[in-house]
Structures are given as structure tokens and as C-alpha cells.
Amino acid sequence: MLKSEFIGSTIQSKLSQSFSIFRSRRGIQKCVMAPPPILALALPSETGRVLSIQSHTVQGYVGNKSAVFPLQLLGYDVDPINSVQFSNHTGYPTFKGQVLNGDQLWELIEGLEANNLLYYTHLLTGYIGSVSFLNTVLKVVAKLRSINPELTYVCDPVLGDEGKLYVPQELVSVYREKVVPVASMLTPNQFEAELLTGLRIVSEQDGREACNTLHSAGPSKVVITSINIDGNLLLLGSHQKEKGQPPVQFRISIPKIPAYFTGTGDLMTALLLGWSNKYPDNLGKAAELSVSSLQALLVRTINDYTSAGHDCRSSSLEIRLIQSQDDIRNPEIKYKADIYN
């Protein structure tokens, strides 16, 4: 027997069976036990099973740290893959950590597939920093849909904000040409919606036309999570329930808070996934719940920093996620969707 064959057979014997050893009058016997079922598959939650590919920080709440816990509170089984693992977010003076590459991502997917663990109802993606990794994410979408054709892909196309790119320029065309067509729901901000459509958004009508352009490219649900129109902050939502039919569109007015927070976009997209799945035909209701949760969390964050004697306008703030779990699970709707005629 070759060495490689011996090692392979040894590993297989250790991993493929579970043994229960017990003592009896006739001596020690081995009883081969069947492996336990994966309950997330055998007894799935009513809401769904989410694969979330986002960044991770040891301290603070951005990426998966901002998205996984809220989705779990809303009843979802969530499996996170961390595209990066950093000590803290990059707004600090320094950070340390590791970056996952596309090959390493695919290796994790192959491991899940080898054990029949790749059935997901939802895929959620956030910040992606390279074309190679984004192309691997596209392979993941195709793989997951080959197993569950009804997979919902919720994509936060993190490209930049307020006219500034956070990622290499070449990612914009990959998102526009390859990612948008396979997304089920897209959650860009104003700048990202402009990049993906080539349209300038300076009015509500511009925002609605940008949503229509994105619908024609692929996703049935589009939420532009923040639009600044004449000093007013809005969320703009659009749901095209049938291809070729005009979408239901709405706006939600959002109060401006004089502070900068990290992780809010990641949290907002997770909330929109969670609530839109509970209200699949009422994106406006899902947005009301999501905005109300987020605003309650931001108010708590401001109040807690102020109580600690911190000037909230002097630096970016870490959100008070754990302390706001009641507002995530059972939000009081304070922000209503106004439907366009």
C-alpha cells in the first residue's frame, strides 16, 4: 500500500464512522453509530438558512459581526464565511489580520459540498475587495442555485459613498455586468446606485428611474438605502413583482443624526433580508421594520456615548448591537413608507 493510500484510508476510517465502546460480560465491543442528522437541514427553521460572506472584526460590529446576530434574532440559521478577519475595523489608527482569497473561499464551499451541507435558502454578501474574490462569489451563487434553484441572493454592492470609491475601479464593471443580473435583492446607497446604472441621482424621480434600470438588469427588489435630496435623507424602495410590470415604489423619510457610525449598512441589509422574507410581497413593510430597528439602535448608541462623556461628532462610533436586540426582534414602527402613485 502506498503511503498516501494508507494515510487516506486512516483519515477516512477516523472521520466516516462514530464508535460507541461499552464493556459487557463478553468483553469490549464496538457498536457503529449512524452520524447524527444536520438539524438545520432535517428540521429547517421557518425563516430560512443563510450563507453570509462578509468581513469580520474581532472587536466591534461590521460585516458579519453586524449581520449574523440580527438574523439569528429574527429566526434564521446563519453560516458565516469571513472574507477578512481583522482585529478591528480599518477606521482605527491600525489593524492586523488576514484576508481570505478566492481559492480559500472555494475550498470552504467544497468542504460543505462534500458533506451535503450546501442547501441554503439565502446568500448574503457585503464588502468584497478584489475581482478574483468577487468572481469566486459568482461561482458560489451558481453552485448554490444548482442545489436550490429558489435561492434568494441579497447583495449589498459595497463600492463607496459620497463620491469616493472604497474598492478598485475594476470591481464596478464586474458588479454591473455579472453580479446585478444574478441578484434577487440589491441594497446600494446613492453613490453605488449611480455607479451601477450610469445615472446621476439628484431627485426622487432620478432614484426611481435608477431602480427601474436595475430591475431591467436582474433583481426584483431594489432598496437604495440612503439618498440625500436637497438636504433631506430618504430610503427609496422598489419591488417589481412581475417582469415587464411597473414596480411598486415607495420612500421613507429618515432623520439625520449628527454622527458617523460603522456597520450600519451591513446591519440594514441584514434586516432587509430578514424582514422581506417574512413579508415577501410587502417590501414597504419590511423597510419600515428595518428602518425603525436601525434608528432605535442609533439613538441608543448616541445616548450611550453621550453618557460616557464622548463627543459623538469627533469620531466614528461602534453601534450598540447587543443592547438593542429587543428593537431588532420587535421594533416599534415609527417610520412609514409613502407609496408613489
Side-chain angles (χ1 to χ4, degrees), residues 50-56 62-64 67 80-86 90 98-110 118 120 122-147 149 151-201 207 209-226 238 240 265-266 268-270 272-273:
V50 181
L51 180 64
S52 180
I53 304 175
Q54 300 195 61
S55 58
H56 170 87
V62 299
N64 271 331
I81 292 180
N82 298 325
S83 57
V84 305
Q85 177 164 270
F86 289 160
T90 56
Q98 303 83 36
V99 177
L100 196 73
N101 62 40
D103 290 339
Q104 292 167 328
L105 169 61
W106 192 248
E107 186 177 8
L108 293 172
I109 296 300
E110 288 179 327
L118 265 189
Y120 290 96
H122 295 77
L123 172 66
L124 172 62
T125 62
Y127 173 80
I128 294 170
S130 72
V131 170
S132 62
F133 195 90
L134 185 55
N135 281 328
T136 305
V137 168
L138 288 164
K139 287 176 60 180
V140 173
V141 175
K143 172 64 72 174
L144 295 182
R145 284 199 169 135
S146 72
I147 297 168
L151 175 88
T152 297
Y153 174 26
V154 178
C155 174
D156 182 6
V158 181
L159 297 170
D161 198 9
E162 297 180 347
K164 180 181 178 182
L165 275 174
Y166 297 156
V167 299
Q169 177 69 43
E170 54 264 29
L171 260 76
V172 177
S173 60
V174 179
Y175 268 105
R176 185 189 300 126
E177 297 167 11
K178 297 182 179 180
V179 178
V180 170
V182 299
S184 309
M185 179 162 71
L186 209 63
T187 62
N189 60 31
Q190 181 174 356
F191 177 59
E192 291 159 348
E194 290 177 336
L195 289 173
L196 293 175
T197 61
L199 301 174
R200 187 87 172 96
I201 300 175
E209 290 178 5
C211 289
N212 291 337
T213 299
L214 291 170
H215 285 316
S216 66
S220 61
K221 295 179 180 178
V222 177
V223 178
I224 304 179
T225 54
S226 60
S238 185
Q240 187 179 47
D266 307 317
M268 185 63 182
T269 297
L272 285 167
L273 184 161

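Numbers here simply count residues along the sequence, with the first being 1. Just so it is clear, the structure is predicted and the values come from calculations on it, not from any experiment.
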Nearest-0.5 Å distance, [atom1] of residue [X] to [atom2] of residue [Y]:
X    : Y    : atom1 : atom2 : result
E162 : S226 : CD    : OG    : 8.5 Å
L151 : S146 : CG    : OG    : 10.0 Å
I147 : L118 : CD1   : CG    : 4.5 Å
S184 : L123 : OG    : CG    : 9.0 Å
L100 : Q85  : CG    : CD    : 10.0 Å
Y166 : L171 : OH    : CG    : 15.0 Å

Going by heavy atoms in the side chains, are [X] and [Y] under 4.5 Å from each other?
X    : Y    : value
V158 : V167 : no
P219 : V180 : yes
F191 : I201 : no
D266 : D156 : yes
L124 : Q54  : yes
I109 : I81  : yes
L196 : P157 : yes

Contact list for residues 166-195, test salt bridge (Lys or Arg N to Asp or Glu O under 4.0 Å), sequence neighbours left out = E194-R200
Has the side chain of D161 got a donor or acceptor atom that lies under 3.5 Å from a matching backbone atom of Q190?
->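 No, the answer is negative, given that no donor and acceptor are paired below the 3.5 Å cut-off.
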Does any N or O in the side chain of S83 come within less than 3.5 Å of the main-chain N or O of S55, such that one atom is a donor and the other an acceptor?
-> yes
How far apart are the closest heavy atoms of [X] and [Y], and which atoms are they?
X    : Y    : result
V99  : Q104 : O-OE1, 3.8 Å
Y153 : R145 : CB-NH2, 3.7 Å
I224 : A193 : CD1-CB, 4.0 Å
T225 : N189 : OG1-CA, 3.9 Å
L51  : Y120 : N-CD2, 3.6 Å

Take T187 and M268, measure what side chain to side chain contact (heavy atoms under 4.5 Å, CB included) needs, and give me the verdict at the end.
-> CA-CA 9 Å; T187 62; M268 185 63 182; over 6 Å; no
Count the heavy atoms of every other residue, nucleotide or ligand shown that sit under 6.0 Å from CD of E107, and state whether that count exceeds 12.
-> no
Could you go through residues 126-144 and list every donor-acceptor pair under 3.5 Å that involves a side-chain atom there, pairing it with any protein atom two or more places apart or in another chain?
| residue | atom | partner | partner atom | Å |
| --- | --- | --- | --- | --- |
| S130 | OG | S132 | OG | 3.3 |
| S130 | OG | F133 | N | 3.2 |
| N135 | ND2 | V131 | O | 3.3 |
| T136 | OG1 | S132 | O | 3.0 |
| K143 | NZ | E113 | OE2 | 3.0 |

Of all pairs that satisfy side chain to side chain donor-acceptor pair (under 3.5 Å), the ones with a partner from residues 212-223, not counting sequence neighbours = N212-Q249, H215-S238
